[in-house]
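These numbers come from the heavy atoms of this one structure, side chains and all, not from hydrogens, waters or symmetry mates. Each chain gets a letter, A, B and so on, in the order the sequences are listed, and its residues count up from 1.
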2 protein chains.
Amino acid sequence: MDARSEGEAVTSEASSDPHAEAASRLQAAGQRYTSGRRELVEALAGAARPVTLPDIESIAPGLARSTAYRNLEALERCGVVHRLETGGDHAYFELAESLLGHHHHLICVTCGAIADIELDGETESRIDDSLAAAARESGFVPLHHSLDLYGRCSSCDAAA
Amino acid sequence: MDARSEGEAVTSEASSDPHAEAASRLQAAGQRYTSGRRELVEALAGAARPVTLPDIESIAPGLARSTAYRNLEALERCGVVHRLETGGDHAYFELAESLLGHHHHLICVTCGAIADIELDGETESRIDDSLAAAARESGFVPLHHSLDLYGRCSSCDAAA
DNA sequence: ATTGAAAATGAGAATGAGTCTCACTATAGT
DNA sequence: ACTATAGTGAGACTCATTCTCATTTTCAAT
């Protein structure tokens, strides 16, 4: 009942074009898809992993910090960008799950590097069910979950 | 008072006395279990949920902030305390899983309140297996995982 | 008991990620 | 073009957390 991990019918199909998605979502909120915002989305789409603000600055120089943070927040409110806190100095940003698909993270406790992973559908639905049951007991309305694995990446493990 | 969860074969049995545990772990690291540290552990053990530093200050007034943070860090290094980052203003602290048992969190996206939950053992082992498989593919050495459910707590949901 | 080395403390200074302000510029719709 | 609205950049600002350092406490060995 579980040997299935290939490209299955994922519930939230990722739009092929993050830019189109961002533009329409922003517009729906009465906001504009400016070149600065486009650069942000481009930087996030180009990175294979979540990135910090310094990362973004080195990928796309010339964006004022205040503007970058402001736009990241605007994009987050529209559901285009997701921010994750890891306890490190900086927050990490990535495209939201509606664009990237539902996934989780491997986080290196030594160097902080993050990689995306996906779990098989059966495990996911089991998680959802268990969490929903626990939420119900507490009077919680569930919205979404995050599941991160902490460990040592191959290079940090080799160095230890 | 504490709901006796079905005493399943939990891998890490919680020590009945957090203080004894803290004392021995600190000592093993060449550190002392001072009264200030004892107060911290007492505060964490007394709270049924993760707490912020301001919470701690109101529970146990009189501890200097710098000392509180320093000791929380010392206790974290010894595996007595666990810090969790939620993206809110403050970090949350709770006793480590070796004392509290493995559990997860419900986090209210509106007010930030956190509650502890436990999942059934079968779901847990399934999660572990899936994560371990994903980690292996990435050359990651798994250490531990965190699984948090974001949603709206009953009072925030009622207010909306 | 006394002492001395190591560890802990408190008060405040310092750090720095992230946010806010505001004057200015760009855009969309008429 | 005109105007109302949204976005931008530069830097000031906030505030949680960390650092510094002089003083105090603890522990172990005398």
Side-chain angles (χ1 to χ4, degrees), chain A residues 19 22-44 50-78 80-94 112 114, chain B residues 19 22-44 50-78 80-94 112 114:
Chain A
H19 293 298
S24 77
R25 291 202 188 208
L26 283 169
Q27 192 171 38
Q31 302 197 292
R32 299 162 189 167
Y33 196 41
T34 63
S35 62
R37 290 174 179 183
R38 192 179 310 264
E39 276 187 74
L40 274 179
V41 170
E42 191 67 28
L44 295 180
V51 293
T52 63
L53 198 93
D55 292 337
I56 293 173
E57 281 178 328
S58 66
I59 297 172
L63 297 172
R65 275 207 181 164
S66 53
T67 304
Y69 276 117
R70 202 191 300 120
N71 285 339
L72 251 2
E73 191 198 333
L75 290 164
E76 191 186 14
R77 271 203 306 267
C78 293
V80 174
V81 161
H82 178 65
R83 168 198 296 233
L84 47 145
E85 310 278 344
T86 65
D89 285 347
H90 294 268
Y92 282 78
F93 298 91
E94 66 181 350
I114 303 183
Chain B
H19 293 297
S24 78
R25 292 201 187 211
L26 283 169
Q27 191 169 40
Q31 304 197 293
R32 298 162 188 165
Y33 196 41
T34 62
S35 63
R37 290 174 179 182
R38 193 178 309 265
E39 276 187 71
L40 275 178
V41 170
E42 191 66 28
L44 295 180
V51 293
T52 64
L53 197 94
D55 291 338
I56 293 173
E57 280 177 329
S58 66
I59 297 171
L63 297 173
R65 278 210 176 160
S66 53
T67 303
Y69 276 116
R70 203 191 301 119
N71 286 339
L72 251 2
E73 191 198 335
L75 290 165
E76 192 186 13
R77 272 203 306 267
C78 292
V80 175
V81 161
H82 177 65
R83 167 197 296 233
L84 47 145
E85 308 279 345
T86 64
D89 285 347
H90 295 267
Y92 282 78
F93 298 91
E94 65 180 350
I114 303 183

Between CZ of A:Phe93 and CG of A:Leu75, what distance do you get to the nearest 0.5 Å?
10.5 Å
Would you state whether a donor and an acceptor, one from the side chain of B:Ser66 and one from the base of C:dA11, lie under 3.5 Å apart?
yes
When the distance from [atom1] of [X] to [atom2] of [N] is rounded to whole Å, what number comes out?
X: A:Asn71; N: C:dC20; atom1: CG; atom2: P; value: 14 Å
X: A:Glu85; N: D:dA16; atom1: CD; atom2: C1'; value: 13 Å
X: B:Asp55; N: D:dA16; atom1: CG; atom2: C1'; value: 14 Å
X: B:Arg70; N: D:dA16; atom1: CZ; atom2: P; value: 19 Å
X: B:Arg65; N: C:dG12; atom1: CZ; atom2: C1'; value: 13 Å
X: A:Tyr69; N: C:dG18; atom1: OH; atom2: C1'; value: 5 Å
X: B:Glu73; N: C:dA7; atom1: CD; atom2: P; value: 15 Å

Out of D:dT8, D:dT17, D:dA6, minimum distance to the side chain of A:Arg32 belongs to D:dA6
Please tell me which of the listed nucleotides, C:dG18, C:dG10, D:dT18, lies nearest to the side chain of A:Arg83?
C:dG18
D:dG7 phosphate, OP1 or OP2: any side-chain N/O from A:Thr34 under 4.0 angstrom?
no
Which of these, B:Leu40, B:Asn71, B:Leu53, sits in a side chain to side chain contact (heavy atoms under 4.5 Å, CB included) with B:Leu63?
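Answer after filtering B:Leu40, B:Asn71, B:Leu53: B:Leu40.
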So do the side chains of B:Glu94 and B:Arg83 get within less than 4.5 Å of each other, counting heavy atoms only?
no
